[in-house]
Amino acid sequence: MSPRSARLVLGAACCALVAACAGNPAPSGWLPGPEDAPQDPYGAWIVVRENDTRETSGELIAVHEDSIFVLTQSGRLAGFAHGEIERARIAYYDAQWGGLVAWTLVGSLATISNGYFALITFPLWLLVGSISAADESRAPLESVSQESEWVEMRTFARFPQGMPQGLDRGVLRPRAGGRR
Amino acid sequence: MGGTRLLPILFLCLLALAPGCAKRVHRQVAAPARRETLDGKAAFLKAHMRDGSLYVLSGWLVDSADRHVRGEGQRYEPDRSVAARGGYQVPLDSVALFETNAVRVSGSVAALALMTGVTAGFTVYCATNPKACFGSCPTFYVGDGERELLQAEGFSASVAPSLEARDIDALYRARPPAGRHVSLRMVNEALETHVVRRADLLVAARAPGRRVLVDRASQFWSVPEPVAPAGCDAPEGDCLDAVRAYDGNERFSAADSSDLAAREVLELSFAPVAGERPALVLASRQSLLSTYLLYQAFAYMGTAVGEWLAAFERGDASTKRSAGRLVETLGGIEILTRDTGGTWVSAENVLETGPLASDVRLVHLPPTRDSLRVRLRMAKGAWRVDYVAVTTLAERVEPLRLAPRTVSGPAGRDDGARAKLLDSAQVLVTLPGDAYTLTYELPGDAPRYDLFLESQGYYLEWMRQEWMAEENKLAAMRLFLDPAGSLRSLAPQFKRVEPGLEAAFWSSKYVTP
């Protein structure tokens, strides 16, 4: 196989696999990977879409019975009543599904013979890998579209017990790092 | 990079990127009073304190006797700056909530291993003819008043992620019991992975003496009760008995022995149709010829991967056109009527993929004042026609969309599966043998409605080991670059297996071992 052909195959297969996966809404590098998540002291990343279509994103700080609190990367603590929120997406770790994509891709490329192109096939590795990678990419994601679903999201807040009483909210700082 | 140098490097990469790379985090919280529910195997315990500080402890132990939790780790301030590191003994009374996070290897990694070299030989039928092995997209069963009946197969043509599609199937023979609930059973009956994004019920109130049917544009029409043909002529003779009722008694033929694309014509006659907008009602399904050709294509491609799917998935236009030519050459059921000059002209080409459940479609016809004659032109042996009738389009209707009210799996009620079907950003993945009961709540008594299933997703065939033995890249290329020639050359091979194909196919449904 020529170098150009190899690059075409690699690129096309990567596109196929990536296309099947859900995007993590958090900035790149902001969330911990699966191995680091058990020790991570911060809350999940949340994107809140209000009823008037405005979006606010940041760290989920606390979930109360009628409201939530989000700390933006600029340090602003924003509060939202549940009724003001049309939909929210939460990501609590980085699934790092790219590794699964890479494993799948390498497994598939290992069966390449002599480079015939551009016709249909349904190879085992790439097809199942795309499913697996897609499934993994969605594993750390939660979404909320109804008020009754907020109670389950407390688990992913910095303060799953609720905003501590007497806490000076001005001391809250966003996590450093993360690239958009 | 040459192939001989590439392969060792690729295998080393495989070892390096071992299956353990895909891990999932399962989070659990518990109040101190419920500390017995904590995951004792979790490597770290987080103790969220009432003042907002946090302890992250390893080697942890909750000592109920002296009401402390012990461990090594870090203490964080509410702003999450590190206050101190060391060994701790934290009083339970100060803890607001405990949290554990278990990290486990993902099950989807196991799926990658399972897919490799799966053998179809677990039934004698598959072993003797691997291309007759049962295959399908998700199958949907609904009661017809007496028994559960296979009434729909979802997104039959969606055999790759980029072919994910929505599919509307009329549940024409559904006869749910009185009451507001309708249950569908969705099953994965083949060696396939099904990826289901949506399974909604579309319901349309049925006016007295009318039915609601759907056309190719997914528009719903209220129509008078369809009228069966007065006559049906086929190459073998009178076919009226087979097509005048939607009863499972189908008209079908054998494939041509020298050209699988050779055409045949059925001609039907109807009494004059009242109304200005006549329409044909057609209930039909593909024969196993299309399934055989699909599996033959897999067999020819064999172990060749990467370039095939990559080219298709990236959406290359010429690739998709090439792929579509095979389907076009075999063709659908072409509906023809005569114009005022007596020339037969095409009204529509009905191409509903799927050999399992007949699909009921409405086909718009040009107006006519005379008795109506319609021709169905199709590849011999490629289609099974159950019912043909005529009606007129009375009025458009807008069905009500219902998501599943409840979803039950093998272990009972499965709210997680339901959540996946309700959230378009998620999918429900099923493996062979998986079955779910989807229950919908209608606004009124179920028998008053015509029901339709709208499903969305795609599915993946598991490559049978037996197929790999036929790998032939030239034959695979020819299948798509010269479909007409391929259909001629495959005819003798298909004719040898055609007599036993149906029996072998239906006998090889996947059964949970």
Side-chain angles (χ1 to χ4, degrees), chain A residues 1 3 6 9 12-13 15-16 19-20 22 34-35 37-39 41-42 92-93 97 99-100 102-104 106-132 134-136 138-140 143 155-156 159-161 164 167 171-173, chain B residues 1 3 7 10-11 13-14 17 21-25 27 29 43-44 48 50-52 54 56 76 78-80 96-97 101 103 106 108 111-112 115-116 159-161 193 195 298 301 303-314 319 322-323 423 425-426 429 460-461 463 473 476-477 480:
Chain A
M1 178 184 288
V9 170
C15 289
E35 297 287 0
Q39 308 171 61
Y42 291 90
Y92 63 105
Y93 66 96
W97 51 264
L100 196 61
W103 188 58
T104 304
V106 171
S108 304
L109 290 177
T111 65
I112 285 177
S113 56
N114 61 359
Y116 280 101
F117 262 81
L119 294 174
I120 295 178
T121 190
F122 304 101
L124 207 52
W125 280 80
L126 273 178
L127 285 177
V128 177
S130 70
I131 288 293
S132 301
D135 203 32
E136 285 314 299
R138 291 182 171 86
S143 67
T155 305
F156 305 109
F159 304 120
Q161 70 274 36
L167 177 69
V171 307
L172 296 177
R173 294 287 179 267
Chain B
M1 180 183 292
L7 284 176
L10 290 174
F11 279 115
C13 290
L14 270 174
L17 297 167
C21 63
K23 293 195 167 79
R24 292 200 182 185
V25 177
R27 178 166 296 182
V29 295
F44 296 92
H48 293 273
R50 296 184 187 281
D51 63 0
L54 171 70
V56 179
Y76 295 89
D79 66 358
R80 292 308 181 243
L97 209 62
N101 292 270
V103 182
S106 168
S108 23
L112 280 172
M115 297 296 116
T116 307
V159 294
T193 302
V195 183
F298 293 157
M301 295 163 197
T303 60
V305 299
E307 63 266 37
W308 299 87
L309 180 61
F312 188 81
E313 286 292 312
R314 78 170 178 246
T319 302
S322 295
D423 181 359
Q426 300 187 65
V429 178
L460 306 171
E461 290 284 349
M463 291 289 284
K473 291 182 188 58
M477 288 183 67
F480 299 103

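Just so it is clear, the model here is predicted, and its values are computed rather than measured. We name chains A, B, ... by the order of the sequence lines, and we start the count at 1 in each one.
Residues forming a salt bridge (charged side-chain N to carboxylate O under 4.0 Å, His left out) with B:Arg80 (at least two apart in sequence, or on another chain): none. Take B:Phe44 and apply the ring-ring contact (aromatic ring centres under 6.0 Å, His included) test, not counting sequence neighbours, and it matches no residue.
Both the backbone and the side chain of A:Thr155 come within less than 4.5 Å of a heavy atom of chain B. Only the backbone of B:Asp51 comes within less than 4.5 Å of a heavy atom of chain A; no side-chain atom from C-beta onward does.
Contact record, A:Pro164 with B:Gly52: CG-CA, 3.4 Å, taken as the closest heavy-atom pair. Smallest separation of non-hydrogen atoms from A:Gln161 and B:Leu97: N-CD2, 4.0 Å. Residues A:Leu172 and B:Pro78 come closest through the heavy atom pair CD2-O, 3.7 Å.
In this structure, the side chain of A:Tyr92 engages the main chain of B:Val25 through a donor-acceptor pair within 3.5 Å.
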